[in-house]
Number of protein chains: 2
Amino acid sequence: MSQKPSIPKGTRDFGPKEMARRNYIFDIIRNVFMKYGYQQIETPAMENLTTLMGKYGEEGDKLLFRILNSGDFLKNAGDLSNTEPSVLGSRICEKGLRYDLTVPFARYVVQNRNDISFPFKRFQIQPVWRADRPQKGRYREFYQCDIDVIGSNALLNEAELLKVTDEIFKKLNLQISILLNNRKILSGLAGHIGHPDKMIDITVAVDKLDKIGLEKVNEELINKGIPEAAVQKLQPILLLQGSSIEKIQTLRHVLKDSEIGQLGLDELEKVIEYARLLEVESPIEFDLTLARGLNYYTGAIIEVKSNEMAIGSISGGGRYDDLTGIFGLSDVSGVGISFGADRIYDVLEHTGKFPSSAESNVQALILNFGEKEELFGLSILNQLRKAGISAEMYPEAAKLKKQMSYADDKNIGWTIMAGAEEILSGSPTLKNMKTGHQEKISLDKIAAYINASS
Amino acid sequence: MSQKPSIPKGTRDFGPKEMARRNYIFDIIRNVFMKYGYQQIETPAMENLTTLMGKYGEEGDKLLFRILNSGDFLKNAGDLSNTEPSVLGSRICEKGLRYDLTVPFARYVVQNRNDISFPFKRFQIQPVWRADRPQKGRYREFYQCDIDVIGSNALLNEAELLKVTDEIFKKLNLQISILLNNRKILSGLAGHIGHPDKMIDITVAVDKLDKIGLEKVNEELINKGIPEAAVQKLQPILLLQGSSIEKIQTLRHVLKDSEIGQLGLDELEKVIEYARLLEVESPIEFDLTLARGLNYYTGAIIEVKSNEMAIGSISGGGRYDDLTGIFGLSDVSGVGISFGADRIYDVLEHTGKFPSSAESNVQALILNFGEKEELFGLSILNQLRKAGISAEMYPEAAKLKKQMSYADDKNIGWTIMAGAEEILSGSPTLKNMKTGHQEKISLDKIAAYINASS
């Protein structure tokens, strides 16, 4: 009869300890987002497949989780014999699970364009699903935390996102570096070497510089049909050294004939200047090799790295010019950034920087010694809760050892013993579960004592 | 090229205003849960169909959203021609979307039984999905907020749930009544009329008393094969009047020969007594007609009604004895209650009881008059944010009317004008967007002024 229960591969349960830690991260992120004037939205887990298909490339289409039409789903599907799986999938499925937060956001904006007051500063914290092959650190269900401003070209928006990032990681007590680039500069470079049509190929190759090295990047560029002379022209730029200001100066010179290149450099400088005015404290580095795979960034490209752990980017985003075009609303520019909650969790764990407040939410456990003592215990419980202290009473008179190990497992701060003797004296015994220190405290002072010691 | 975007029927987008209000509800619920020692868990949206199937009755199986196996899902499906839809569904789908939070919780407990410290007080706030026919107030995706204690038979747990309920609705400023019943009493009644095997039929019929009236209930009981004499014997009980204490006294007498009936009355009295000791202030009514459709409650049955709006139950739950048996872990008793966020939302809206804090999160907007004035504005912005004030600057020098209507739409408390004149005098003009009152405040006093006036 009974089954050995399990969950689908690539998915996770989050138990109380993980949830307390995840909430610590999400609460900080959410509170900073709100403080900076971003508003939350939520979209359904299921979207029409017509909304999702074709938005993530051919590979992305394959990674969509499709939901079987309910009811008699075969009725309108026609003859299915000898049907290709992908075609069959489309015939018997009309809905799919959210693959990211960007496409549903674009869909939301277009659908509600008449009710939205632009510029629209929104954030969204929801899970997404991808039928990726599960592996270490890659899940089929994971949360994304996205923040975007759309309907404004102002570069102040980019700088605000950097400030938000700066404040979130400061509140998380994590050291980060912000890497910044601009797609227009990359575009200028492609023009400079005489192959403006190869910009995507160049940025994809440049993106791999860290991973595969200069030689392989050059090889790849040549394989993409860029003549050796042009690739040679690119070398000094790939090897660019120095501070952000020095790099910008060099490029000002190299790209002196490129209008778009100069514009990119202008934007980059302006964003850095705004960030200074907003008192962003994390270091901002101009990184020309930053060319996130995504095809749709048109201006700023942003990536955030931990200075304390080599784990890849923990946040990233950029400026895009046509998010909503595919849904019929053109000329809406936006800029956004996405925070990687799972990686931030890993960095906090690796560095031991989860605060104790992220460990437990229960301050006191009143031990249970039986029916008579319970009455006294409940009056203490009421007192503590009225004082805003999170407290509970063990629900039955189990063995003391069991009750104490319950308190230990839940990481509860204090246990309160109120047996026959304590009832007589009117002073329960409080035990600090961290230090082991015990003290008798008179009934009316318990809440104040715990509040003062926490 | 462009598509007119839409979302699947029965699903919803939540915009900024709805989200602020929903967060107001969820934050209160979550904080009270934590204060009372409950710990949060989250389970995946997708569960194996083997986990979900057969847990919600035949009707429930049909309402599960199934997820198409990814990749070449037809390969292992065998010959599909002339296959019944339900069978085909099982062959090409191995996963389904969470239908409620109870079954995933049971699965979680069994899977993690060696790591859980019992009694396990958990809460879970996540969406669930049902392929129900959408209609007013019934959605295919909606949040459930469940709180359960499992691994303890103590009746203090029931009373704690009533206290949690009491505190949540007090914090929401909503008047409620708590209805209480006990399955053992219903069981005693079925025995009393000589048809213990008809208990389910009786409770199902009794449950309809409010909706279809006494006559139809009697008809239904007779149709279920209960002789007229036995149905007659049930009449005084169906028509039971008076206070909870009077009803209990009457039933003590009627069920004097029923061991299980007396046990049910003992439990009921004990829960009411514990609730009194825990200072539950909402009225608690013993309601014998309360017999929630679910088959699995074995002790207390709980339902919460709004005293301000006729909307059905806004929370409900009860004691169950074998939640985890189906997954191979028997003899684990539990008691839980579920809060209906959508209905609570409707009551708050209907009664106009959403506080203004649930309306907007932005206190101040700094108007943008151009590049020069921006510098001054940004210094104000920094000052406000350092003082913990949620503030933003309009990102570009748009027309004043546009900026003001942006502030209106976002329900922002204050606008701050810092044009050429204000820069000269060092005193920006603050406008209270609710009252229309304007005042010049010197630069260093703005944060204090806003904090004092909010």
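A note on names: the letters A, B, ... follow the listed sequences, proteins ahead of strands, and every chain is numbered from 1.
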Heavy atoms only, distances under 4.5 angstrom: which of [options] has the most pairs with chain A? Name it, please.
options: B:Glu160, B:Gln111, B:Lys95; answer: B:Gln111
options: B:Pro119, B:Ser405, B:Ala131; answer: B:Pro119
options: B:Ala364, B:Pro127, B:Pro16; answer: B:Pro16
options: B:Lys410, B:Arg12, B:Met393, B:Glu47; answer: B:Lys410
options: B:Asp409, B:Leu156, B:Asn382, B:Ile67; answer: B:Asn382
options: B:Leu378, B:Thr11, B:Ile7; answer: B:Ile7

Of the backbone (N, CA, C, O) and the side chain (C-beta and beyond), which part of [X] lies under 4.5 Å from a heavy atom of chain B, both, or neither?
X: A:Leu381; answer: side chain
X: A:Arg107; answer: both
X: A:Asp115; answer: neither

Fit a plane to each ring of A:Phe123 and A:Phe33, take the angle between them on a 0 to 90° scale, and name the class: parallel (under 30°), tilted (30 to 60°) or perpendicular (over 60°). tilted
Describe, in one word, how the ring planes of A:Tyr108 and A:Phe120 are oriented to each other, choosing from parallel (under 30°), tilted (30 to 60°) and perpendicular (over 60°). parallel
About how many Å separate CG of B:Leu52 and CG of B:Leu63, when rounded to the nearest 0.5 Å? 12.5 Å
Which value, rounded to the nearest 0.5 Å, describes the distance between A:Leu161 atom CG and A:Asn157 atom CG? 7.0 Å
So, the side chain of [X] versus the backbone of [Y]: is there a donor-acceptor pair under 3.5 Å, distance only?
X: A:Asp166; Y: A:Val280; result: no
X: B:Lys386; Y: B:Leu384; result: no
X: B:Glu167; Y: B:Val164; result: no
X: A:Thr324; Y: A:Leu329; result: yes
X: B:Arg385; Y: B:Ala391; result: yes
X: A:Arg113; Y: A:Val110; result: yes

Out of [options], return the one with the most heavy atom pairs under 4.5 angstrom to chain B.
options: A:Arg140, A:Glu141, A:Arg22, A:Lys402; value: A:Glu141
options: A:Ser330, A:Pro8, A:Gly96, A:Ser390; value: A:Pro8
options: A:Leu278, A:Leu97, A:Ile116; value: A:Leu278
options: A:Arg122, A:Gln363, A:Lys17, A:Glu374; value: A:Glu374
options: A:Asn361, A:Leu155, A:Asn31, A:Leu64; value: A:Asn361
options: A:Ala154, A:Pro395, A:Ala106, A:Ala397; value: A:Pro395

Name, in order of residue number, those residues of residues 34-46 of chain A that have a heavy atom at a distance of less than 4.5 Å from a heavy atom in chain B; otherwise write 'none'. A:Met34, A:Lys35, A:Tyr36, A:Gly37, A:Tyr38, A:Gln39, A:Gln40, A:Ile41, A:Glu42, A:Thr43, A:Pro44, A:Ala45, A:Met46
Against chain A, label [X] side chain, backbone, both or neither, depending on which of its atoms sit under 4.5 Å from a heavy atom there.
X: B:Asp408; answer: neither
X: B:Asn48; answer: both
X: B:Ser379; answer: neither

Find out whether the Lys NZ or Arg CZ of B:Lys270 is both under 6.0 angstrom from the six-membered ring centre of B:Tyr274 and within 45° of the ring's axis. yes
Ring centre gap for A:Tyr143 and A:Phe26 strictly below 6.0 Å: yes
So the salt bridge (charged side-chain N to carboxylate O under 4.0 Å, His left out) pairs with at least one residue in residues 123-134 of chain B (sequence neighbours excluded) are B:Asp132-B:Arg138
Without hydrogens or angle criteria, can the side chains of B:Ser152 and A:Glu396 be said to hold a donor-acceptor pair below 3.5 Å? yes
Are the side chains of B:Val335 and B:Ile150 in contact, using a 4.5 Å heavy-atom criterion? no
